[in-house]
Every structure is written in C-alpha cells, then in structure tokens.
Amino acid sequence: MRDRADLVIVGGGVIGLSLAYHLARLGFSDVVVLEQGYLCFGASGRNGGGVRQQWSTEENVLLMKDAVRRYRRLSQECGYNIWFRQGGYLFLARDDASAATLEQNTKLQNRLGVPTRLISPAEARRIVPVLNLEGVRVCAYNPTDGVLFPFPVVWGMARIASDLGVEINTFTRVTNIDVRGRQIVKVVTDRGAIATRRVVNAAGAWSPQVARLAGVELPNKPYRHEILVSEPVKPFLDPLVSDLSNGTYFSQTMRGEICGGLSDPAEPSSMESGSSLRFLSRMSRSLMRLVPQLGSLKVLRQWAGYYDETPDGQPILGRVDAVDGFIQLNGFGGHGFMMAPAIGQLAAEWILRKAEHPIFSTCDLGRFARGEQRRETFSIG
Ligand SMILES: Cc1cc2nc3c(=O)[nH]c(=O)nc-3n(C[C@H](O)[C@H](O)[C@H](O)COP(=O)(O)OP(=O)(O)OC[C@H]3O[C@@H](n4cnc5c(N)ncnc54)[C@H](O)[C@@H]3O)c2cc1C
C-alpha cells in the first residue's frame with residue numbers, strides 16, 4: 001500500500017468508486033481508495049438497481065437525467081455489461097395527496113425534458129396486463145427510467161480507475177484520521193498509514209463513524225432496508241412498479257426473477273442487517289395484492305442492507321467547516337446507486353476545480369445548522 005497520496009477516498013462502494021473513476025478519467029490518479037471489506041460489501045452490493053428520473057425537484061430531475069445518460073454508455077466505457085434495461089418506472093397513487101404529487105412531478109419533469117406521462121389505471125394495465133389496480137387513482141409512467149445490475153457497475157468503475165493508476169485497497173479499514181489544527185495530516189488504517197491532505201468520506205452508512213475519526217459529527221443515521229428475489233418466471237414485466245401507498249417496488253430481472261422490497265415505517269435506526277419474517281410476510285402480501293398470479297411464486301433469497309439517511313433525505317456533499325480538505329459524499333438513502341455516475345463526475349470536476357456546482361454549497365453539512373433543509377417530496381426507492 002502506498003504511504004502517501006494526494007487524495008484518499010474512504011469507502012469502496014459505488015460513490016467512492018464513481019469518484020475515483022471520474023477523477024482518473026480527468027487525468028488525476030494520485031488517489032487511494034480504502035475499503036474495509038470487499039468491493040460491494042456495503043449498500044452498493046445489496047440494492048435493487050432502480051434508476052429513475054421521476055423526482056420532485058428540478059435539481060434531482062436534472063441530476064438523474066445526467067445519470068441516465070451516463071449509465072447508457074457505461075457498459076461500453078468500462079467493458080462490463082451493466083445490464084441497464086430501460087423498461088420504465090410505473091408509480092401507482094391510491095390517495096389524493098399522492099395523485100397530486102404525481103401530477104405536479106409530471107409537469108416539472110416534462111418541462112425538464114423527461115417524458116413522464118400521467119396515465120389512468122386502464123392504460124397502466126395495457127403496459128402490465130397482470131396488475132391488479134383496484135383502488136389505484138392514477139399512475140405516472142416514464143419509459144426512460146430503468147433497472148441495472150449493480151455488481152458490474154462497481155467492478156467496471158473499479159477496473160478502469162485502477163487501470164488508470166488509482167490504488168484500490170480492499171480489506172483495509174480506516175481507524176483514524178489525523179488532524180493537526182484544521183489540517184488533515186494522515187489517514188491511519190489497520191494496514192499502515194497514508195500521508196495526505198485530502199480525504200473523501202464515502203463510507204455510506206458508516207460515514208458518521210468515519211467523520212468522527214476527524215472530529216466531525218454528521219446527522220446521518222443507518223436504517224436496515226430489506227429486499228428479496230424470486231425464482232425466475234416467464235418475462236411479463238417491463239417497468240419497475242412502485243406502489244406509493246406502502247413503498248412497495250418490484251421489477252423483473254433479465255433472467256426472469258422478481259426483485260423488490262418495501263418501506264417499513266416501524267424500522268428503527270440500527271446497524272442490524274439480518275433478514276426478518278416480518279418483511280417476508282409484508283412483502284408477499286403486498287406483491288400478491290398487486291399481482292395475484294404471483295401467489296405461488298417461490299422466494300429464492302432475501303437479504304438486507306443499510307439506507308444512510310440524513311434528516312432531509314438529501315445527501316451531504318462538499319466541505320465541512322472544521323477540517324480543511326475533508327469532503328463528504330454520503331447520506332444517499334435509497335438513491336445512491338442511481339445518482340452515482342452524475343455525482344462522481346460533478347465531485348471530480350469540483351475537487352479538481354474544473355467546475356463549480358451549486359450542489360456543493362446547497363447540499364453541504366452546514367445547511368442543517370443554517371436551517372436550510374432540502375425536502376424532496378418524492379423520496380421512494
Ligand atoms: C436493499 C437496498 C435496496 C436499494 N435499492 C436502490 C435502488 O434501487 N436504486 C438506488 O439508486 N439505490 C438503492 N439503494 C441505495 C444504494 O444502494 C446506496 O445509496 C448506495 O449503494 C450507497 O453507496 P455508497 O458508496 O455511499 O455506500 P456503500 O456501498 O455502503 O459503500 C460504503 C463503503 O464504505 C466502507 N467503509 C465503511 N467504513 C469504513 C472504514 N472505516 N474503512 C474503510 N472502508 C469503510 C464500507 O465497507 C462500504 O463498502 C438501495 C439500498 C438497499 C440497502
């Protein structure tokens with residue numbers, strides 16, 4: 001392992017590796033990535049791979065338009081097939097408030113060039129004929145949203161970054177960040193120390209622990225989020241379907257498996273990552289209500305990962321007041337995978353001072369102290 005670097009990235013998940021990949025492609029590879037486990041150890045190896053542009057703020061719609069554009073060409077760029085399939089996202093609203101949100105979001109997305117359509121349940125049934133839409137008021141459908149396979153995204157970005165000179169150290173845990181005055185001096189790991197003046201905290205659900213090593217407190221909290229995958233069945237589902245009434249989402253993989261999860265408002269913040277019978281039974285009931293024919297489907301596997309949640313559901317990006325050169329890229333909740341290519345590019349340009357972007361001042365840690373929280377009304381998986 002190198003003993004000095006211009007920049008050290010803590011976390012070998014999609015956010016840390018996307019930054020490393022984009023920095024290296026811009027010609028900056030004096031970078032070391034430190035990952036306590038294997039690549040994909042954290043949320044990046046446990047997620048549903050959903051990628052949508054249906055958001056409720058202009059910033060997030062534009063960010064996700066850019067991310068989709070980047071994901072469309074990533075397979076070619078990194079020589080790994082990431083299986084990005086644009087089958088669309090279909091949102092179902094059952095009450096007035098959700099219907100109004102979909103209507104408002106659709107107008108915003110259309111204005112920004114995203115071809116979302118507000119459609120009736122009858123039209124939705126033409127897209128997915130097996131759906132039981134009893135009780136659904138209205139749906140929003142964007143055919144250019146999609147689903148990808150997370151592992152090759154992470155592996156592909158890691159391979160290109162490493163080919164371009166970035167050093168990626170797996171099974172290397174950061175145990176201290178040595179700060180003198182306001183200045184970072186070195187990062188200490190269980191395999192030795194690296195002298196550096198710049199550190200990026202891309203440690204996902206572990207970010208508050210990593211920040212504390214440098215004396216910085218983050219408001220992020222980890223929450224378990226469970227998901228399952230079924231045996232493969234004949235293809236019948238193009239879009240990812242998401243029921244806004246309880247946060248159920250499910251899609252069908254290229255191999256025919258049904259993969260999905262749902263929110264659990266009773267889930268406390270913790271670093272618990274076991275699987276529960278409660279999730280299995282809630283998810284099965286919700287799925288059977290939406291597609292009764294799935295009643296005899298066998299579940300092959302269920303697992304869990306963490307959502308790294310901030311108080312306003314938006315990530316923490318950019319500098320902190322107390323420590324120079326300590327950059328945050330964390331707090332992505334259930335959306336870090338879809339945002340990663342756009343965030344990686346923006347952060348790389350910003351770090352190299354090639355371009356400013358307002359996201360690093362509006363989404364910084366200081367916003368909580370300033371009382372400028374950024375509520376996204378459409379925070380669903
Ligand atoms: C079940 C589930 C479904 C999801 N579905 C979606 C979805 O459909 N679409 C979407 O966009 N997002 C989804 N997400 C969210 C998405 O997976 C995350 O937002 C994203 O992967 C976060 O990436 P990250 O790099 O910030 O964190 P992680 O992937 O968790 O990476 C952080 C890494 O930091 C490492 N680390 C921590 N502490 C240290 C240390 N001290 N030293 C060294 N390394 C350290 C960890 O081991 C970890 O590998 C889902 C998440 C879950 C759990």
Side-chain angles (χ1 to χ4, degrees), residues 8-20 32-52 64 67-68 71 89 145-151 153-154 157-158 168-177 187-191 199-214 220 222-229 240 242 247 249-251 259-264 267 271 273 275 279 283 302-310 315-317 328-344 379-381:
V8 171
I9 299 173
V10 187
V14 73
I15 296 294
L17 290 168
S18 176
L19 173 62
V32 174
V33 177
L34 300 171
E35 167 54 50
Q36 64 181 353
Y38 47 87
L39 300 183
C40 293
F41 175 82
S44 300
R46 295 158 186 266
N47 65 85
V51 177
R52 66 175 158 92
M64 282 310 306
V68 164
Y71 270 138
Y89 252 60
D145 292 338
V147 178
L148 49 70
F149 192 43
F151 300 97
V153 171
V154 172
M157 285 177 171
I168 299 173
N169 294 296
T170 51
F171 299 100
T172 308
R173 202 161 86 83
V174 173
T175 54
N176 196 20
I177 299 173
V187 171
V188 183
T189 78
D190 53 6
R191 292 181 52 218
V199 174
V200 176
N201 179 3
W206 295 265
S207 293
Q209 296 171 26
V210 168
R212 223 164 284 136
L213 298 176
N220 315 23
Y223 287 87
R224 173 173 66 172
H225 183 80
E226 298 188 64
I227 188 166
L228 58 75
V229 72
L240 180 148
S242 176
Y249 62 89
F250 63 102
S251 64
C259 180
L262 85 169
S263 342
D264 189 347
E267 184 72 44
M271 287 301 262
S273 62
S275 293
F279 165 70
M283 182 66 193
Q302 68 179 102
W303 68 93
Y306 306 122
Y307 275 11
D308 167 26
E309 293 284 8
T310 63
I316 298 181
L317 309 170
Q328 307 306 306
L329 287 187
N330 50 61
F332 285 91
H335 320 114
F337 217 94
M338 62 179 85
M339 292 181 170
I343 289 290
S379 268
I380 189 160

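One-based numbering, in listed order, for ligands and for the atoms of each.
- Near Ile227, meaning under 4.0 Å from one of its heavy atoms, ligand 1 places the atoms 1 (C).
- Residue Trp206 approaches ligand 1 through these ligand atoms, each under 4.0 Å from one of its heavy atoms: 30 (O), 37 (C), 38 (N), 46 (C), 48 (C).
- Here the shortest heavy-atom distance to atom 40 (C) of ligand 1, taken over Leu19, Val174, Val153, Thr172, belongs to Val174.
- Once rounded to the nearest 0.5 Å, the distance linking CD of Gln328 with CG of Leu317 reads 9.5 Å.
- For the pair Val32 and Asn169, the minimum side-chain heavy-atom distance is below 4.5 Å.
- Geometrically, ligand 1 and Gly336 share a nitrogen or oxygen pair separated by less than 3.5 Å.
- Put simply, part of Gly49 is less than 4.0 Å from ligand 1, judged by heavy atoms.
- Between the side chain of Thr172 and the main chain of Thr170, a donor-acceptor pair closer than 3.5 Å is present.
- Of all the listed residues (Ser44, Gly48, Ala67), Gly48 holds the heavy atom that lies closest to atom 5 (N) of ligand 1.
- Under the rule for a side-chain hydrogen bond (donor to acceptor under 3.5 Å, both in side chains), the partners of Arg224 that lie at least two apart in sequence or sit in another chain are Glu267.
- Ile177 pairs with exactly one of Val8, Leu213, Val188 by the side chain to side chain contact (heavy atoms under 4.5 Å, CB included) rule, that one being Leu213.
- Interface of Tyr306 with ligand 1, defined as ligand atoms under 4.0 Å from a residue heavy atom, comprises 53 (C).
- Between Gly37 and ligand 1, not a single N/O pair is under 3.5 Å apart.
- Interface atoms of ligand 1 facing Gly42, defined by a heavy-atom separation under 4.0 Å, are 29 (O), 30 (O), 49 (O).
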(message) Checking Asn220 against Asp308 for the side-chain hydrogen bond (donor to acceptor under 3.5 Å, both in side chains) test, could you report, in this order, the C-alpha distance in whole Å, the side-chain angles of both residues, the deciding distance, and whether it holds?
(response) CA-CA 6 Å; Asn220 315 23; Asp308 167 26; 3.1 Å; yes
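- Residue-ligand proximity, Gly305 to ligand 1, at heavy-atom distances under 4.0 Å covers atoms 53 (C).
- Residue contacts with ligand 1, taken as heavy atom pairs separated by less than 4.0 Å, involve His225 via backbone and side-chain atoms alike.
- Remark: ligand 1 and Gly333 share an N or O pair separated by less than 3.5 Å (distance only, no angle test).
- Counting heavy atoms from C-beta on, the side chains of Asp145 and Val51 never come closer than 4.5 Å.
- When heavy-atom distances to ligand 1 are checked against a 4.0 Å cut-off, Leu34 comes that close only through its backbone atoms N, CA, C and O.
- When Ala340, Pro315, Ala203 are ranked by how near their heavy atoms come to atom 32 (C) of ligand 1, first place goes to Ala203.
- Near Gly13, the atoms of ligand 1 lying under 4.0 angstrom from a non-hydrogen atom of the residue are 25 (O), 29 (O), 31 (O).
- For the pair Leu148 and Tyr71, the minimum side-chain heavy-atom distance is below 4.5 Å.
- Residue Val210 has no N or O atom closer than 3.5 Å to an N or O atom of ligand 1.
- For ligand 1, the polar-atom distance check finds no N/O of Leu329 at less than 3.5 Å from any of the ligand's N/O atoms.
- Residue pairs meeting the salt bridge (Lys or Arg N to Asp or Glu O under 4.0 Å) criterion with at least one partner in residues 202-212, sequence neighbours excluded, are Arg212-Glu217.
- Taking OH of Tyr307 as the reference point, atom CZ of Phe332 lies at 14.5 Å (rounded to 0.5 Å).
- Considering backbone and side-chain N/O of Gly16, none are found under 3.5 Å from N/O of ligand 1.
- When only interatomic distances are considered, the shortest N/O to N/O separation between Met339 and ligand 1 does not fall below 3.5 Å.
- The number of heavy-atom neighbours closer than 6.0 Å to CZ of Arg46, taken from other residues, nucleotides and ligands shown, is above 12.
- Of all atoms in ligand 1, listed by their number and element, those nearer than 4.0 Å to a heavy atom of Gly11 are 33 (C), 34 (O), 35 (C).
- Nearest heavy atoms, Gln36 versus Arg173: OE1-CD, 3.4 Å.
- Using cut-offs of 30° and 60° on the angle between ring planes, the pair Tyr38 and Phe171 is tilted.
- At least one N or O atom of Phe337 sits closer than 3.5 Å to an N or O atom of ligand 1.
- Of all the heavy atoms of Tyr249, the ones lying under 4.0 Å from any atom of ligand 1 belong exclusively to the side chain.
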(request) In sequence, state the C-alpha distance, the side-chain angles, and the governing distance for Asn330 and Ile15, and then conclude on side chain to side chain contact (heavy atoms under 4.5 Å, CB included). (result) CA-CA 8 Å; Asn330 50 61; Ile15 296 294; over 6 Å; no
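- The closest approach between Ala205 and ligand 1 stays at or above 4.0 Å for every heavy atom of the residue.
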